[in-house]
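The next block holds one structure in the form of structure tokens; read it before the comments.
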Amino acid sequence: METPPDTPAPADATEDSENPEDTARTGDTGTAKGSGAAGDSEATAGVAAQDWPRASSDTRYRAAVVDLLGALAYGELAAFERLAEDAKLAPSLADKAALARMAAAEFHHFEQLTRRLEEIDEEPTAAMEPFAAPLDEFHRMTAPSDWLEGLVKAYVGDAIAADFYREVASRLDSDTRALVLGVLDDTGHAEFAVEKVRAAIEADPPAGGRLALWARRLMGEALAQAQRVVADRDALSTMLVGGVSDGFDLAEIGRMFSRITEAHTRRMAALGLSA
């Protein structure tokens with residue numbers, strides 16, 4: 001699983017930062033698009049307030065959504081494959097069965113996404129194809145060496161991707177937003193990973209340092225790879241920097257990455273690791 005082109009350094013998050021679901025803004029001044037009554041109407045009638053039939057009349061927005069669903073679908077397929085592989089490393093039959101159930105949930109998400117692509121007259125394989133090689137390369141470069149590294153990778157990598165997609169979802173049409181948020185539902189892997197990793201660190205404290213370094217590497221690789229992927233997809237990157245209807249502006253991208261980084265820090269603490 002698995003975020004935008006070269007982006008500015010994350011801005012410090014503040015208590016009064018805009019909620020990602022607020023009406024889109026342009027520039028650092030926070031001035032709504034348009035002016036007067038017309039501007040107010042445009043702001044309230046943005047993509048987030050529309051359904052798919054209406055929003056998809058914008059061909060650039062449609063292309064961005066197809067890219068988003070394609071990336072998500074391949075990410076879910078890769079997650080299914082990874083969990084199935086991780087099950088082979090499980091130290092007990094109970095752990096193996098738990099991962100198998102999670103893998104099945106990921107495949108169900110994959111089927112939901114590909115079904116949606118077919119419903120909007122897009123070929124799922126064609127939509128996923130641009131993202132297959134980059135995601136496969138990420139997984140090749142971050143292949144875990146043992147059971148615990150596999151758990152941390154799934155927990156950290158999947159969560160970073162889910163955070164990003166949830167941020168994007170706030171700017172999607174109502175139909176696509178519901179689908180995206182639905183497939184991002186936790187399959188139980190987060191709680192499972194936290195329980196197993198914390199228990200392992202308690203039993204072997206030095207393992208904590210190794211796993212903390214591994215998690216930092218995963219964070220860096222995931223963000224770098226995601227930026228490269230989106231930089232190659234014009235429609236998706238344009239939506240993120242505000243070129244398609246009410247997408248993110250540059251200042252909001254900085255705040256978005258601050259929120260993602262803060263969430264990562266909290267998850268590391270839950271694992272008993274330092275960020």
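Side-chain N or O atoms of S170 include none that pairs as donor or acceptor with a backbone N or O of R166 at under 3.5 Å. R198 places a side-chain N or O within 3.5 Å of a backbone atom of A270 that can act as its donor or acceptor partner. Side chain of S57 to main chain of R54: a donor-acceptor pair is present (N/O by atom type, distance under 3.5 Å, no hydrogens or angles). With K153 contributing its side chain and T142 its backbone, the two residues share a donor-acceptor pair below 3.5 Å. E221 places no side-chain N or O within 3.5 Å of a backbone atom of R217 that could act as its donor or acceptor partner. The backbone N or O of A90 lies less than 3.5 Å from no partner atom in the side chain of K96, so there is not a single donor-acceptor pair.
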For this session: May I have the step-by-step check of side chain to side chain contact (heavy atoms under 4.5 Å, CB included) for E123 and L117, ending in yes or no?
Result: CA-CA 7 Å; E123 208 288 306; L117 283 164; over 6 Å; no

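Distance check, rounded to the nearest 0.5 Å: CZ of F110 to CD of E81 gives 9.0 Å.
Checked for salt-bridge contact, R267 and D158 miss the test: no charged N lies under 4.0 Å from a carboxylate O. We find that R82 and E85 are not joined by a salt bridge, their nearest charged nitrogen and carboxylate oxygen being 4.0 Å or further apart. In this structure, R116 pairs ionically with E119, as a charged nitrogen and a carboxylate oxygen lie closer than 4.0 Å. For the pair D204 and R210, the salt-bridge criterion is not met [side-chain N within less than 4.0 Å of a carboxylate O]. Electrostatic pairing of R140 and E137 counts as a salt bridge here, judged by a charged N lying under 4.0 Å from a carboxylate O.
H264 pairs in a side chain to side chain contact (heavy atoms under 4.5 Å, CB included) with only one of the listed residues (E262, R266, M268), which is M268.
For the pair L271/I201, no side-chain contact is recorded, criterion being any heavy-atom separation below 4.5 Å from C-beta on. Taking 4.5 Å as the limit, every side-chain heavy atom of L69 sits out of range of all side-chain heavy atoms of T114. A heavy-atom distance below 4.5 Å is found between the side chains of P144 and W214. Counting heavy atoms from C-beta on, the side chains of P134 and D136 never come closer than 4.5 Å. Contact annotation: the side chain of V152 approaches that of V197 to within less than 4.5 Å [non-hydrogen atoms, C-beta and beyond].
Residues forming a ring-ring contact (aromatic ring centres under 6.0 Å, His included) with F131 (at least two apart in sequence, or on another chain): none.
Figure legend: R177 and W52 shown without cation-pi pairing, the cationic atom not lying both under 6.0 angstrom from the six-membered ring centre and within 45 degrees of its axis.
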